[in-house]
Amino acid sequence: MCRENFLALERCSSKESAIVLYKRTIDWALEESYPGLDVIRQHFSDSEDCGIYVDKNFGEPKDIGDKVAVFHHCNGVIRAGLDVERAIIPMLYLADGSHLTVEGNGYDVIVPVYLCEGCSVVAKDGIRLKVYHIGKK
């Protein structure tokens, strides 16, 4: 995150605007563990509608339709793939020890998954995943 984005974060007038900035700089944020899990728990644990999932255990498959979905300390099964109505394929980011199984939603697409150290992902039911690893530089 550059100085410009740090200043933008200070000027965020709402939680939603902070989430937009966080997701726009997600690669850097996860590489640097910024903000930390405690801050994310405190401020964003109720932000599923914005694509941020914290401390969730998905017993039943959870449909993911966000363009960018970030999972912090989550486990279980999610369902992802092509959202035909919005013409998007989600990018999934797993951080803070998340371990997820990803099911397909019936469309033959490749879903990008970005894994932080200590996280894992398993593909199930015909989905194809392209896995990238995020680590501190």
Side-chain angles (χ1 to χ4, degrees):
M1 182 180 279
C2 63
R3 179 168 170 70
E4 177 182 336
N5 283 334
F6 271 120
L7 294 175
L9 183 59
E10 290 176 355
R11 292 189 304 266
C12 285
S13 59
S14 68
K15 181 167 71 171
E16 290 76 21
S17 62
I19 289 170
V20 168
L21 180 60
Y22 174 64
K23 289 172 74 173
R24 187 173 50 199
T25 60
I26 192 65
D27 292 306
W28 179 89
L30 294 178
E31 284 176 3
E32 299 299 324
S33 299
Y34 179 84
L37 181 57
D38 290 338
V39 171
I40 290 168
R41 280 183 173 132
Q42 181 180 0
H43 296 286
F44 302 112
S45 63
D46 63 346
S47 300
E48 285 186 38
D49 58 334
C50 296
I52 297 179
Y53 302 85
V54 183
D55 294 325
K56 301 297 178 190
N57 188 2
F58 305 108
E60 295 293 320
K62 167 76 174 163
D63 287 313
I64 304 300
D66 303 285
K67 184 176 180 181
V68 175
V70 186
F71 299 88
H72 292 278
H73 196 252
C74 294
N75 294 287
V77 182
I78 63 172
R79 186 175 297 118
L82 176 64
D83 180 334
V84 175
E85 291 178 19
R86 296 186 303 161
I88 62 169
I89 297 170
M91 295 186 307
L92 309 175
Y93 289 82
L94 281 64
D96 299 307
S98 291
H99 302 284
L100 296 175
T101 298
V102 182
E103 292 183 352
N105 67 354
Y107 295 96
D108 184 26
V109 295
I110 299 172
V111 175
V113 179
Y114 299 83
L115 293 179
C116 291
E117 187 175 335
C119 296
S120 65
V121 66
V122 175
K124 181 179 176 186
D125 292 338
I127 193 165
R128 294 181 291 154
L129 305 176
K130 175 64 177 166
V131 178
Y132 302 91
H133 295 276
I134 296 175
K136 283 195 164 201
K137 293 181 179 181

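This one's a predicted model, so the numbers in the text were calculated from it and none came from an experiment. Side-chain atoms are counted along with the backbone in the values below, which use heavy atoms only and exclude waters and symmetry mates. Residue numbers start at 1 and run along the sequence shown.
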### Message
Taking salt bridge (charged side-chain N to carboxylate O under 4.0 Å, His left out) as the cut-off, I'd like each qualifying pair that reaches into residues 104-116, sequence neighbours left out, listed once.
### Response
D108-R128
### Task
Can you sort out the partners of S120 under side-chain contact (heavy atoms from CB on, under 4.5 Å), two or more places apart, ordered by chain and number?
H99
### Query
In Å and rounded to the nearest 0.5 Å, what is the OG to OH distance from S98 to Y93?
14.0 Å
### Message
Under the rule for salt bridge (charged side-chain N to carboxylate O under 4.0 Å, His left out), what residues qualify as partners of D66, not counting sequence neighbours?
### Response
none
### Query
Mind checking what makes salt bridge (charged side-chain N to carboxylate O under 4.0 Å, His left out) contact with E16, not counting sequence neighbours?
none
### Query
Just one of L129, L94, I134 clears the side chain to side chain contact (heavy atoms under 4.5 Å, CB included) bar with L115, so which one?
L94
## Note on the structure
Sorted by chain and number, sequence neighbours left out, side-chain hydrogen bond (donor to acceptor under 3.5 Å, both in side chains) with N57 holds for none
### Query
Partners of K124 by side-chain contact (heavy atoms from CB on, under 4.5 Å), sequence neighbours excluded?
T101, E103
### CG on L30 to OH on Y114, rounded to 0.5 Å
11.5 Å
### Query
Can you tell if the side chain of P90 reaches within under 4.5 Å of the side chain of D83, non-hydrogen atoms only?
no
### Task
Can you measure from OG (S45) to NE2 (H73) and round to the nearest 0.5 angstrom?
13.5 Å
### Query
Is the NZ atom of K67 crowded by more than 12 outside heavy atoms at less than 6.0 Å?
no
## Note on the structure
Residue set satisfying salt bridge (charged side-chain N to carboxylate O under 4.0 Å, His left out) with D55, at least two apart, ordered chain then number -> R41
### Task
Specify whether F44 and Y22 have parallel, tilted or perpendicular ring planes, treating 30° as the upper limit for parallel and 60° as the lower limit for perpendicular.
parallel
### Query
What residues, two or more places apart in sequence or in another chain, satisfy side-chain contact (heavy atoms from CB on, under 4.5 Å) together with Q42?
none
### Query
So, for C119 and D96, which heavy atoms are closest and what is the spacing to 0.1 Å?
SG-N, 3.9 Å
### Query
Who pairs with D63 by side-chain hydrogen bond (donor to acceptor under 3.5 Å, both in side chains), at least two apart in sequence or on another chain?
R79
### Query
Is K23 reaching over with its side chain to a backbone N or O of C50, donor-acceptor style, under 3.5 angstrom?
yes
### Message
Please tell me whether L100 and L92 are part of a single hydrophobic cluster in this structure, the criterion being side-chain heavy atoms less than 4.5 Å apart.
### Response
yes
### Results of side-chain contact (heavy atoms from CB on, under 4.5 Å) for I89 - residues two or more places apart only
L82, V109, V111, P112
### Query
Nearest 0.5 Å, what's the CD1-CD1 distance between I19 and I52?
4.5 Å
### Task
Consider only side-chain heavy atoms of I, L, V, M, F, W and Y, link residues closer than 4.5 Å, and tell whether V131 and I78 are in one cluster.
yes
### Task
Any chance you could measure D27, atom CG, to M91, atom CE, to the nearest 0.5 Å?
7.5 Å
### Message
Starting from L37 and following side-chain heavy-atom contacts under 4.5 Å between hydrophobic residues (I, L, V, M, F, W, Y), which residues can be reached?
### Response
none
### Query
Should the ring pair F58 and F71 be called parallel, tilted or perpendicular, given that the plane angle runs from 0 to 90° and is split at 30 and 60?
perpendicular
### Message
Measuring from atom CD1 of I127 to atom OH of Y107, what distance do you get when rounded to the nearest 0.5 angstrom?
### Response
13.0 Å
### Task
With sequence neighbours excluded, tell me which residues meet salt bridge (charged side-chain N to carboxylate O under 4.0 Å, His left out) with K56.
E48
